[in-house]
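Starting from 1, each residue takes its place in the sequence as its number. Note: hydrogens, waters and symmetry copies are ignored here, and every other heavy atom, side chains too, is used.
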Amino acid sequence: MTGEHTLDVLDFGRIRQLVAAAARTPQGEAVCRRLAPAPDPAAAREAQAEVVALAALEPELGLPPLDGIGAIETHLGAARREGTCLDVTALLAVRDSVAGLHRVHEYLEDAAAEGSLVGAYGGRMRTLYPLADRFERTFGPRGEVLDGASPRLRELRAEIRGLRDRILKILRAVLRDADLEPAVQDDFVTLRADRYVIPLRTDFRGYLRGIVHDRSRTGATFFVEPLEVVEPNNRLGAVREEEAEEIRRILVELTRRVGAEAGAIRANLAVAAHLDALAARLSLSRRLGGVAVDLVDEPVLDLRAARHPLLAVQDGVEVVPVDLRVGDGHRLLLVTGANAGGKTVALKTAGLLVVMARSGLLVPAAEGSRVGWFEPVFADIGDEQDIDRHLSTFSAHMANLRGVLESAGPGSLVLLDELGAGTSPREGAALAMAVLETLLDRGAFVVATTHLEGLKAFAHARPDAQNAAVAFDPATGHPLYRLLYGRAGASNAFEVAQRLGLPAEVLRKARAYAAGQGEPGSDVLAELDAARDAAREEAERAAALRAEWERRVAEADRLRDAARAERDAAREAARAEARRAVDEARREMARVIRRFAQEKATQQQAEQRLRGVADQLDRELAPERPGDRTEPAPAAEPGSTVRVRSLGRDGVVDGVLPGGKVAVRVGGLRVTVDRADLAAAGPGAVPLQPDEVPAVRVDAHRSAADLVVVGCTVDEALARVDKALDRALVAGVDAFRIVHGRGTGALRRAIREHLAGEPRVAVLAPEQEDAATRVELA
């Protein structure tokens with residue numbers, strides 16, 4: 001079996017990429033990336049014949065219809081687990097793939113009717129009509145669950161439509177009421193939290209009895225649910241929950257069916273993946289202008305007008321065809337000639353086209369080409385230097401050759417690039433001849449390139465070998481990229497160097513050295529030693545600098561981590577202190593509001609106490625400012641104008657009290673503050689007059705209406721619960737009820753866990769068979 005190393009050096013991985021890029025399904029792409037030579041001649045011929053058969057079938061039936069087939073293997077695995085419910089997206093992906101597989105099955109049946117070799121794959125596919133029919137009855141073209149998915153779903157949706165029509169009829173009648181016209185903000189019905197409401201101006205009280213569900217960003221509009229539609233809205237919400245439960249039941253049942261058919265779906269996907277890979281191979285073969293070569297059992301290679309496939313796919317590149325022949329009495333082809341003349345390209349072309357033909361690909365060559373069965377194929381091409389293993393180019397080539405010599409035998413094809421290079425020409429040529437002789441004695445077939453003169457004579461002397469020179473035009477100095485069989489090629493190093501622009505003086509000296517008319521400088525080795533020592537010193541200095549840099553980076557990381565830890569600790573302490581202050585303020589404000597609501601305190605007392613709580617909270621939470629620490633308190637003389645820092649307002653000193661306290665009149669309010677809380681009033685400061693003091697008005701309207709949060713997300717529901725709690729405390733309501741429904745229980749749990757830590761709540765009790773929660777205030 002040809003190894004991955006050989007496939008890599010022949011660039012077969014890039015051929016796999018080109019084939020995979022032409023695939024249309026993820027399964028087909030995966031098959032293309034695993035493309036490999038067939039294990040025997042019969043399998044290779046069958047793979048090539050399938051590509052030819054698909055090409056012949058395309059004018060009549062086109063290419064296989066693979067649209068809709070996606071990566072659903074994960075969904076199939078999940079569907080086989082008991083109790084699993086695939087979501088709609090996953091089920092739609094399975095539906096589309098099942099429909100695509102159905103079209104593939106029909107295509108293969110038509111191919112079989114045409115007598116095509118490809119049609120035989122239809123017998124490997126299993127029928128999925130019942131599952132496809134169930135998908136058709138469940139989902140619409142946009143992925144929506146259809147009414148006809150179940151009789152119960154049809155009934156529920158009919159009831160939903162009836163309730164919606166009834167609600168809209170009532171609300172439109174309300175909007176047309178002439179008495180309500182001053183309160184109507186806009187003449188339309190809308191939805192808030194899945195409940196139908198109408199928009200009213202903020203001064204709607206007295207015009208319409210109902211439940212406020214939301215307000216606009218500007219605050220000018222309330223969205224109100226009139227009492228006449230509360231019950232229909234409640235029923236609508238309940239029916240929608242039943243609809244969601246029925247849809248889930250349908251999806252669970254459909255998931256179970258998918259799991260039961262997972263094996264059949266996977267088997268059909270395997271057939272579709274093979275067809276996709278087959279079509280991708282055909283696509284690349286046409287792009288290359290490939291032909292079906294004659295795959296024969298005996299080891300022979302006769303490629304006519306062959307082109308390297310990776311050059312053939314490049315736009316604007318003119319590829320010169322080359323004839324490559326091994327076998328029929330010659331088991332060694334030695335390619336010689338100039339650098340940049342195409343020797344390595346010819347070598348790679350031979351190996352790559354052999355591997356491609358065995359992989360079921362049509363190859364870029366002329367009709368009548370033959371590819372025999374070489375097993376295995378070995379290749380040692382290019383710069384094999386391995387820095388990680390401390391191998392030079394020569395050492396790496398020797399390591400590869402050792403593996404080749406251990407495994408090569410009769411019928412093997414061995415491709416060797418620049419054989420004997422990387423060491424002295426005399427020793428390199430001796431090693432190369434020994435390697436070639438050993439391989440030929442074992443019955444292997446060899447294509448090799450070289451510059452060594454001794455190897456050219458070796459190939460000329462053996463009857464089972466032949467030389468081939470890459471053509472070179474001495475007049476222009478350009479290679480012709482053709483092979484001239486029976487001739488040994490010259491390296492033409494000086495001509496190539498001249499063409500590439502090497503200075504004439506350098507070329508003159510080189511020709512003189514080649515003719516033995518000069519000697520290289522005797523101090524070359526000494527200069528090399530000096531350069532080596534200098535390089536070693538530079539490496540040592542670089543290592544020392546790197547060690548110092550790593551030490552400094554480590555110290556910087558340590559200081560950064562310590563600073564982050566200190567910052568995080570300070571933040572957590574500040575958060576804890578802020579939470580304590582806020583909780584205490586909430587409890588105190590709740591007590592004050594409750595006393596006022598129960599008429600145990602006057603409005604003035606409540607306002608004063610609330611201001612005190614707010615002042616205390618501001619003092620505890622306000623960040624300390626540099627000016628607060630350095631600015632001295634002003635003289636607190638009765639009648640003087642001062643600034644009360646905690647209130648942010650100017651006032652007049654009313655009197656100095658014992659214990660460092662000062663009475664200050666701010667507008668119509670007399671407050672007692674610490675002397676340290678006073679600052680000098682700003683220029684031109686005018687104390688607030690009594691009629692300018694903002695009044696605190698508490699709406700004592702008591703309402704026990706339910707808070708309905710059915711259909712809300714958890715975040716929306718918790719925000720509405722907090723607002724309802726604030727309104728209840730202001731109104732002096734002892735208890736109210738939150739209607740959250742049963743559903744999955746997630747909303748109910750979130751609300752109760754949220755209120756369990758609320759200091760203003762005394763009791764939480766389930767009601768309406770756990771579809772609601774009664775909240776009793778502390």
Side-chain angles (χ1 to χ4, degrees), residues 19-20 22-25 27-32 34-69 97-133 261 263-297 353 356-373:
V19 178
R24 291 182 288 157
T25 68
Q27 296 87 351
E29 181 181 353
V31 171
C32 293
R34 297 192 299 269
L35 184 66
D40 55 70
R45 283 191 285 267
E46 181 180 0
Q48 182 179 259
E50 287 181 354
V51 177
V52 174
L54 184 61
L57 191 64
E58 184 180 4
E60 282 294 324
L61 300 181
L63 293 176
L66 300 165
D67 295 337
I69 299 176
S97 294
V98 168
L101 293 172
H102 178 67
R103 291 190 293 270
V104 170
H105 198 176
E106 291 179 338
Y107 175 89
L108 291 175
E109 289 176 343
D110 293 339
E114 293 286 332
S116 172
L117 175 66
V118 177
Y121 285 97
R124 303 184 187 183
M125 299 190 74
R126 295 169 60 181
T127 301
L128 295 172
Y129 295 120
L131 181 59
D133 179 67
E261 295 286 358
I265 295 173
R266 285 195 174 103
N268 291 359
L269 283 173
V271 173
H274 180 81
L275 285 180
D276 191 15
L278 183 59
R281 282 160 34 208
L282 174 60
S283 175
L284 177 62
S285 298
R286 284 180 168 166
R287 186 178 172 189
L288 295 173
V291 300
V293 297
D294 189 11
L295 287 164
V296 297
D297 292 343
L353 266 57
M356 288 174 61
R358 287 179 49 177
S359 302
L361 289 162
L362 309 187
V363 301
E367 295 285 351
S369 296
R370 289 185 300 158
V371 172
W373 191 254

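Contact check for L288 versus L362: no side-chain heavy atoms found under the 4.5 Å cut-off. Residues P64 and L54 are in side-chain contact: their nearest non-hydrogen atoms beyond the backbone lie under 4.5 Å apart. Using a 4.5 Å heavy-atom threshold, the side chains of D276 and V31 count as separate. Taking the side chain as every heavy atom from C-beta outward, L282 and E58 approach each other to under 4.5 Å.
For the atom pair CE (M125) and CG (L101), the distance works out to 5.0 Å, reported to the nearest 0.5 Å.
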Stepwise side-chain contact (heavy atoms from CB on, under 4.5 Å) check, L63 with L57
CA-CA 8 Å; L63 293 176; L57 191 64; over 6 Å; no
Going through the checks in order, is the side-chain contact (heavy atoms from CB on, under 4.5 Å) test met by V19 and L361?
CA-CA 10 Å; V19 178; L361 289 162; 4.2 Å; yes
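Taking Y107 as the reference, nothing meets the ring-ring contact (aromatic ring centres under 6.0 Å, His included) condition, with sequence neighbours excluded. The side-chain hydrogen bond (donor to acceptor under 3.5 Å, both in side chains) search around Q27 returns E73, not counting sequence neighbours. For H102, the ring-ring contact (aromatic ring centres under 6.0 Å, His included) partners at least two apart in sequence or on another chain are Y129. A47 is linked by a side chain to side chain contact (heavy atoms under 4.5 Å, CB included) to R281, counting only residues two or more places apart in sequence or in another chain. A22 meets the side chain to side chain contact (heavy atoms under 4.5 Å, CB included) test with A280, S283; sequence neighbours excluded. With sequence neighbours excluded, the residues that form a side chain to side chain contact (heavy atoms under 4.5 Å, CB included) with A264 are R126, L128, E261. Residues passing the side chain to side chain contact (heavy atoms under 4.5 Å, CB included) test with S359 are F12, L35, P37, V355, sequence neighbours excluded. In this view, N268 satisfies the side-chain hydrogen bond (donor to acceptor under 3.5 Å, both in side chains) rule with no residue, not counting sequence neighbours.
What you find for W373 and A38 is that their closest heavy atoms are CH2-O, 3.3 Å. Of all non-hydrogen atoms in V118 and A53, the two that sit nearest each other are CG2-CB, 4.0 Å.
Looking only at distances, no side-chain donor or acceptor of S97 sits under 3.5 Å from a matching main-chain atom of I69. Side-chain atoms of Q48 come within 3.5 Å of backbone atoms of V293 as a donor-acceptor pair (strictly under, hydrogens ignored).
Applying the ring pair (Phe, Tyr, Trp, His ring centres under 6.0 Å) rule to pairs touching residues 43-68 yields nothing, sequence neighbours excluded. For residues 40-57, the pairs satisfying salt bridge (charged side-chain N to carboxylate O under 4.0 Å, His left out) are R45-D297, with sequence neighbours left out. Identified under the salt bridge (charged side-chain N to carboxylate O under 4.0 Å, His left out) test for residues 107-119, with sequence neighbours left out: none.
Here R34 does not pair with E29 in a salt bridge; the nearest charged N to carboxylate O distance is not below 4.0 Å.
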Quiz: residues 363-371 side-chain donor-acceptor pairs under 3.5 angstrom, not counting sequence neighbours:
{"from": "S369", "atom 1": "OG", "to": "R304", "atom 2": "N", "distance (Å)": "3.1"}
{"from": "S369", "atom 1": "OG", "to": "A366", "atom 2": "O", "distance (Å)": "2.8"}
{"from": "R370", "atom 1": "NH2", "to": "D328", "atom 2": "OD2", "distance (Å)": "3.1"}

